[in-house]
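To start, the structure under review is shown below, and the notes come after it.
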Amino acid sequence: MTFFTFTFYAFALILVFAGLRVITTRNPVHAALWLVLSFFTAAAIWILLQAEFLAITLVLVYVGAVMVLFLFVVMMLDVNFDSLRRQFRSYLPQGVIVGALVLLEMTLAVVSSAIGAAQIAPPLPTGSNTKALGSLLYVDYVYPFEIAAVVLLVAIIAAITLTHRKRKATRYQDPAVQANVRREDRVRIVQMPAEKSET
Amino acid sequence: MAFAENLLAVLPEVVILTSAALILIVDLFIDDERRHITYWLTQLALLIAACVTLKTTQLDIVKAFHNMVVDDMLADLLRMTSFVAVSLMLFYSRSYLLARGLFRGETFVLTLFVLLGIQVIISGNSFLTLYLGVELMSLSLYALVALEKERSGPAEASMKYFVLGALASGVLLYGMSMVYGATGTLDIDLVARAILAKQGNSLLLTFGLVFVVSGVAFKLGVVPYHMWIPDVYDGAPTAITLLIGTAPEFAGFALTLRLLSGALQGLAIDWQGMLIILSLLSMVLGNVVAIAQSSIKRMLAYSTIAHMGFMLMGFLAADLNGYSAAMFYTVTYVLTSLVSFGMIMVLSRIGFEADRLDDFKGLNQRSPWWAFIMLLVMFSLAGIPPTVGFYAKFTVIEAAINAGFLWLAVVAVVTSLIGAFYYLRIVRLMYFEDPVDRSPLETRADARTLLSANGLLLLLLGILPQPLMGICVIALTQSNFL
């Protein structure tokens, strides 16, 4: 067993273990942290396959951004995960069937077409694949790339316009006005003659 | 090819994108009273883009950005017509937008992005560019339709438009992916070459063609992919309906031309059959259902369906005569649509949409001049000489007969006769009925002049159609659509 194979199996074991912990741990924050570990390990496996650009993207996007957002959501929304977990047993049969089918399909695909190492395209002979991807995106496909960027800009403008305009009927708070309020605005002291008792 | 030369091929697009971004920033620092600065900046951007297009027009076909873009005579001509259409749309709808609180920076910026999408489609030479152009145009349009929030109609129309539009984009993309699977390339020239050399799985190609034609048919709004047109035309604010009904038609025409005649010319026999069905159904359904409408916007929507069916009849001849007739038809139809929706906005005012047929009652007594302009529009839509609609219909029918589709031409004539009924009904309402509403019609001087000129142009082009027809033929010949 070479060192390469050893590292692969080590990472694979950690990945499978972390994946299992994601669904078995009771604390949602812990589950999110285990998910971070599994993303990180998957990135390490990609680096073993010399796909360093994908690996870095996975770490930056998923570990760096998506999971942080996810943690925020978990902490802020106070979802009761125990009640979600209660139906675990009733979903188990379907889950097992789907899992078994996925496993079967993967086995069939690997065995029948013998999609071994031979058919996977070897890594690019020269330079890094980050450079190759960059030259594809920013040289060959720069025009569609720019147009796609404009599509995103339109999406931002549209989203802000459609949701962020104040409508007349909407009720909203203005903290500045609330903070600047004086006693005279709210309380009016009225001088009234004391009522005489009837007795 | 140097980067500067690449940019030269898409200079009009660069101008529109840069000015849209600049206007977006400038608009931030303008208060509502001085919003007209944004408006005039938008018009200025259109003017600069038009000048740049005129300046960079040449006879050669230039491919840029690794064959993603083509800059030929056809692209330049359609860009010019789109600039004119969008500029006129802004002139006509200024008062309407002001009255409805839509006179905002976003309206103008999104309109510029619609235009950018149209330009990307017009100059697209790859499935990827064409698709991105379609998405850019459609996304901006969905947002524009929903801009007005005081009424519930626009939001509903936008939702319908968005859901159906997303479905159509998916269908178009699926078709493109199958053609890619069969030919192994997204480049329109290479796809055409591969198909002519009989490479690739022909079953896969045919399936891809069906999906591509369906996607294109949706964007054009022909039967049976027309469901969105009446709802969106009716629900959207009239200014936006005017935008949807005009410049995007050029994009639809260019998309059809670049995809079917450019990339899939080798499958012309197959797509001719499909277009016959689309064209036939659109002409029949559009003209018959339009009779039953009481809203003028819905009536014009069904009329659009019928007219797009008519345009496809020219297209399916699949030769220079057919393409030039279809192009002439598209250009003149857009010119006519500009006036018809512009007239609805002339009649509307704050809190009053003027979108029912009855609102046109007795227009002759209120304003003989506007009644005359509307008369020209209705005659042109019905195809009555000497307006341009007659010549446009005539050339399309001629092209169809020359290509051997005599029976289809007969159907077209019969459906046009049916169509004349509801167009002439408006003329009757205007001249032979008493007005329900006698409030004076107020329009801005610039809109009044341009709308009148645009209306008279329908008459002028009807008498002298040859120059415009000549330009269409030259543009198509120089761009190798023979």
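We use all heavy atoms of the structure for the numbers below, so side chains are in, but hydrogens, waters and symmetry mates are not. Labels below follow one simple rule: chain letters A, B, ... track the order of the sequence lines, proteins then strands, and each chain is numbered from 1.
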Bottom line for A/Val142: the part with an atom under 4.5 Å from chain B's heavy atoms is side chain

- Does any donor atom in the side chain of A/Ser38 or A/Thr41 lie under 3.5 Å from an acceptor atom in the other side chain? no

Within residues 124-143 of chain B, the residues sitting under 4.5 Å from chain A by heavy atom, in sequence order, are B/Leu128, B/Thr129, B/Leu132, B/Leu136, B/Leu139, B/Ser140, B/Ala143

- prompt: Would B/Arg34 and B/Asp27 pass as an ion pair if we require N to O under 4.0 Å?
  reply: no

B/Tyr39 OH: over 12 foreign heavy atoms closer than 6.0 Å: yes

Find out whether the Lys NZ or Arg CZ of B/Arg94 is both under 6.0 angstrom from the six-membered ring centre of B/Tyr96 and within 45° of the ring's axis. no

Just by modelled atom types, is the A/Ala132 backbone N or O under 3.5 Å from a matching donor or acceptor in the A/Asn129 side chain? no

Chain B shares the most heavy-atom pairs under 4.5 Å, among A/Asp140, A/Ile157, A/Leu153, A/Val151, with A/Asp140

Q.
Between B/Asp189 and B/Lys63 (salt bridge meaning N to carboxylate O under 4.0 Å), is one present in this structure?
A. yes

Those residues of residues 7-19 of chain B that come under 4.5 Å of chain A on a heavy-atom basis, listed by number, are B/Val10, B/Glu13, B/Leu17

Which label fits A/Phe39 and A/Tyr62: parallel for a plane angle under 30°, tilted from 30 to 60°, or perpendicular past 60°? tilted

Assess the pair A/Tyr141 and B/Phe65: is the distance between their ring centroids shorter than 6.0 Å?
-> no

Is there a donor-acceptor contact under 3.5 Å from the side chain of A/Thr163 to the main chain of A/Ala159? yes

Taking the ring centre of each residue, are A/Phe53 and A/Trp46 less than 6.0 Å apart? no

